[in-house]
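These figures come from a predicted structure and were not determined experimentally.
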Amino acid sequence: MGARFDEAEDELVFLSELENAFASILSELNQLAERIEPLMSDDPTEHSQHLQNHLDRYTMQSERDVHEQFKKTKDESQDSSEETDIELFDDQDDEDLGDFELF
């Protein structure tokens, strides 16, 4: 019976330590929630619209960048008498590809 009492006491100590760990974690989560609460909005569509605005702006800017680069390359090629090649990949050693089979 003494062994059972010791086991029960050990379990109670473990449960007490577990409860303290959970209380500490809960306290940290509450502090974090208080810090981010001012950043939260009651209107979920506001976040969706904000994200969509960023996505639209990024897409439009990307498209502008592509067109500007194309126009710049076209203007430069018209200015020079030689045709210019645009290197998309760094494939200087095309011959040293090793032995492989294409399907």
Side-chain angles (χ1 to χ4, degrees):
M1 184 151 189
R4 285 188 174 183
F5 182 73
D6 289 339
E7 288 177 16
E9 186 178 16
D10 289 344
E11 287 179 16
L12 288 175
V13 169
F14 170 74
L15 291 175
S16 176
E17 290 173 356
L18 188 61
E19 182 180 17
N20 290 340
F22 283 143
S24 175
I25 292 170
L26 181 59
S27 174
E28 289 178 26
L29 287 173
N30 286 331
Q31 289 174 6
L32 182 61
E34 288 174 9
R35 288 177 59 195
I36 65 171
E37 187 175 11
L39 304 173
M40 301 300 293
S41 170
D42 293 334
D43 183 12
T45 59
E46 181 182 331
H47 294 294
S48 298
Q49 185 62 38
H50 185 69
L51 180 60
Q52 189 61 45
N53 288 342
H54 281 292
L55 289 173
D56 290 342
R57 185 170 14 143
Y58 175 77
T59 302
M60 294 299 290
Q61 185 59 46
S62 298
E63 289 295 323
R64 283 187 210 106
D65 292 345
V66 168
H67 289 288
E68 288 174 8
Q69 183 63 33
F70 177 77
K71 184 176 183 288
K72 179 180 173 185
T73 304
K74 185 178 178 184
D75 291 343
E76 289 175 357
S77 68
Q78 288 176 352
D79 291 342
S80 66
S81 58
E82 298 178 13
E83 182 179 325
T84 58
D85 291 333
I86 299 174
E87 185 66 37
L88 296 177
F89 304 101
D90 186 22
D91 47 357
Q92 299 167 355
D93 299 321
D94 288 341
E95 297 167 8
D96 188 23
L97 295 176
D99 292 332
F100 62 92
E101 192 172 315
L102 297 175
F103 297 97

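Legend: residues meeting side-chain contact (heavy atoms from CB on, under 4.5 Å) with Glu68, ordered by chain and number and at least two apart, are Arg64, Asp65. With sequence neighbours excluded, the residues satisfying salt bridge (Lys or Arg N to Asp or Glu O under 4.0 Å) with Lys71 are Asp75. Taking the side-chain contact (heavy atoms from CB on, under 4.5 Å) definition, one finds that Glu7 meets it with nothing, sequence neighbours left out. Asn20 is linked by a side chain to side chain donor-acceptor pair (under 3.5 Å) to nothing, counting only residues two or more places apart in sequence or in another chain.
Leu29 belongs to a hydrophobic cluster whose remaining members, ordered by chain and number, are Ile25; membership requires side-chain heavy atoms of ILVMFWY residues under 4.5 Å apart, directly or through intermediates. The hydrophobic cluster containing Phe22, built from Ile/Leu/Val/Met/Phe/Trp/Tyr side-chain heavy atoms closer than 4.5 Å, also comprises Phe14, Leu15, Leu18.
Between Gln49 and Asn53, some side-chain heavy-atom pair lies under the 4.5 Å cut-off.
Of the possible donor and acceptor atoms, one in the side chain of Thr73 sits under 3.5 Å from a partner among the backbone N and O of Gln69.
The distance from atom CG of Leu26 to atom CD of Gln31, rounded to the nearest 0.5 Å, is 10.0 Å.
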